[in-house]
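Given the structure is predicted, the values throughout are model-derived calculations rather than measurements. Protein chains get the first letters and strands the later ones, always in sequence-line order, with residue 1 at the start of each. Every heavy atom of this structure was used, including side-chain atoms; hydrogens, water molecules and symmetry mates were not.
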Protein chains: 2
Amino acid sequence: MNKLRTVIVDDHPIVIEGLKTLLKNEANLEIVGGFSEGTGLLSYLNTKPVDLILLDVTLPDINGMDLCQMIKERFSTITILILSNHTERSIIMQTIQNGASGYLLKNSSLDELRQCIASAVTGNICYSKEVVEIISRPTKNQLRNTPQLTRREKQILSLLAEGKTSQNIAQELFLSPLTVDTHRRNLIQKFEVKNVAELIAAAHQQQLL
Amino acid sequence: MNKLRTVIVDDHPIVIEGLKTLLKNEANLEIVGGFSEGTGLLSYLNTKPVDLILLDVTLPDINGMDLCQMIKERFSTITILILSNHTERSIIMQTIQNGASGYLLKNSSLDELRQCIASAVTGNICYSKEVVEIISRPTKNQLRNTPQLTRREKQILSLLAEGKTSQNIAQELFLSPLTVDTHRRNLIQKFEVKNVAELIAAAHQQQLL
DNA sequence: TTTCTTCTACTGGTTTTCAGGTATTTTTCA
DNA sequence: TGAAAAATACCTGAAAACCAGTAGAAGAAA
């Protein structure tokens, strides 16, 4: 196998240099470029082939996550590893959606970086230990005690989310509209919200929809 | 390091036997049990220590994803690998939320299984190649063209999601309630939905909230 | 300068929700 | 089998949302 043509993207030139030095002696990869801006990377990709990108989230021009998605759309074969200091759960989860093959914190050891690169280029996704901890950590919303819903309530909740009125739902489930109203009211109570709009938002946050 | 005490959970006894045979010769793990039901597993966990669980999603009594969450809550040190035939994106994404350390399809090779187990027990998360493909695939919702919202509309959208009424919002933004009503109506039109409930659901699916 | 978009505001009417309740019949499960 | 939980159904009135159409003002873009 040829050496992996690797590009480093980070808004701090120092980090780029540091990574270059760290990875200089890796047998299986070769650093072919370093960029501190997203636009620079994009124009480079249009001219030269690249196998692996180590990508920071914070960039001066384009958001790293958006950049990730853009790259994946145009150059689907490129493997992208996110290397960032962001420890927010939502950011990490977003990067998966956007096609990244892994997420590492910048304080990761060289060993972890090596392991993740190996995993990523074979097609797997890999998260470093600290990142896994963040992912596993329950969301704020999940900490809030999720209300216990009955089967009927779940059913009606999802129909409400489809924009159906009590009457619609009643017809669909062969119930009295008054019954549906009651369930709706109980849902609003259980979630401690003001109306259906907030109910749907809350249910979504707690991954019930 | 001691051998990993491993339990297999699958509703098909044949699969359990197959996995047992496959993993029999692995130096670093030992199959200490096999269950075809969630309840059986749970009562076992209360009596014996376990390091690793290979868990199916489809079980006769408890949903595998819920089971995963339950196990993680009570026995946080146990590593759980999902081994399933489900190729639905939402299911895979859900398992991460619920604390699984990886997801493999049942047609994975022994090599992939080995690699994922190794990755998982060291604390990382690992997805097999096919699973990565599924994850990277854009969601249906992301394919749907997201409506272009104006600044005001975004603002009002998020206030609506907080359960605020047109009047509340009007007061907060120093507008006429009628104006807020208009914006709300435009939002409902742009999203091609019937009412605010569905609007919130749609906005959430398109990650606008 | 004209055109387009966005934000603003209105009329008038219909439908639906929401907030208090209460109460009977099924299920569930210990 | 008996208690608890869930599902069903009802009442009333006020508040809010929804529908459909119109239209002026401000700002940006062409």
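In terms of phosphate contacts, B/His183 brings a side-chain nitrogen or oxygen within less than 4.0 Å of OP1 or OP2 of C/dT8. The shortest distance between the side-chain N/O atoms of A/Arg151 and the OP1/OP2 oxygens of D/dA7 is not below 4.0 Å.
Taking atom CZ of residue A/Arg184 and atom P of nucleotide C/dT17, one finds them 4 Å apart after rounding to whole Å. Distance, B/Lys194 NZ to D/dC19 P: 10 Å, rounded to whole Å. Atom CG in A/Leu160 sits about 14 Å away from atom P in C/dT16, given to the nearest Å. Put simply, CG on A/Leu157 is 16 Å from P on D/dA6, counting in whole angstrom units. Atoms CG (A/Leu187) and C1' (C/dA19) sit 15 Å apart, rounded to a whole Å. Rounded to whole angstrom, the span from the CD1 atom of A/Ile156 across to the P atom of D/dA9 amounts to 10 Å. The distance between atom CG of B/Asn195 and atom C1' of D/dC19, rounded to the nearest whole Å, is 13 Å. Rounded to whole angstrom, the span from the CG atom of B/Asn186 across to the P atom of D/dC19 amounts to 12 Å.
The aromatic rings of B/His204 and A/His204 sit parallel, their planes meeting at an angle under 30°, below the 60° perpendicular limit.
The two residues A/Phe75 and A/Asn46 make their nearest non-hydrogen contact at CZ-OD1, 3.6 Å. Looking at every heavy atom in both residues, A/Gly99 comes nearest to A/Lys72 through O-CE, 3.0 Å.
Looking at B/Thr58 and B/Asp11, their side chains never bring a donor and an acceptor atom within 3.5 Å of each other.
A/Val9 pairs with exactly one of A/Leu59, A/Ile80, A/Asp56 by the side chain to side chain contact (heavy atoms under 4.5 Å, CB included) rule, that one being A/Leu59. The residue from B/Leu54, B/Thr6, B/Leu55 that alone fulfils the side chain to side chain contact (heavy atoms under 4.5 Å, CB included) condition with B/Leu81 is B/Leu54.
Remark on DNA chain C: of its neighbouring residues B/Gln148 and A/Ile188, the 5'-side contact belongs to B/Gln148, judged by nearest-heavy-atom nucleotide. Nearest-nucleotide positions on DNA chain D for A/Lys190 and A/Asp181 put A/Lys190 closer to the 5' end.
In this structure, the helix from C/dT1-D/dA30 to C/dA30-D/dT1 shows an angle of 70° between the axis at its start and the axis at its end, each fitted on 5 base pairs and rounded to 10°.
Residue B/Arg185 is classed as a base contact, given a heavy-atom separation below 4.0 Å to a base.
Contacts of residues 165-179 of chain B with DNA chain C (heavy atom under 4.0 Å): B/Leu175, B/Ser176, B/Leu178, B/Thr179.
Between the CD1 atom in A/Ile53 and the CD1 atom in A/Ile71 there is a gap of 4.0 Å [rounded to 0.5 Å].
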Where do A/Leu187 and A/Leu160 land on the side-chain contact (heavy atoms from CB on, under 4.5 Å) test, with the steps shown first? CA-CA 11 Å; A/Leu187 280 166; A/Leu160 284 173; 4.2 Å; yes
Audit row: A/Phe191, A/Leu149, side-chain contact (heavy atoms from CB on, under 4.5 Å) steps and yes/no: CA-CA 10 Å; A/Phe191 277 83; A/Leu149 301 188; 3.9 Å; yes
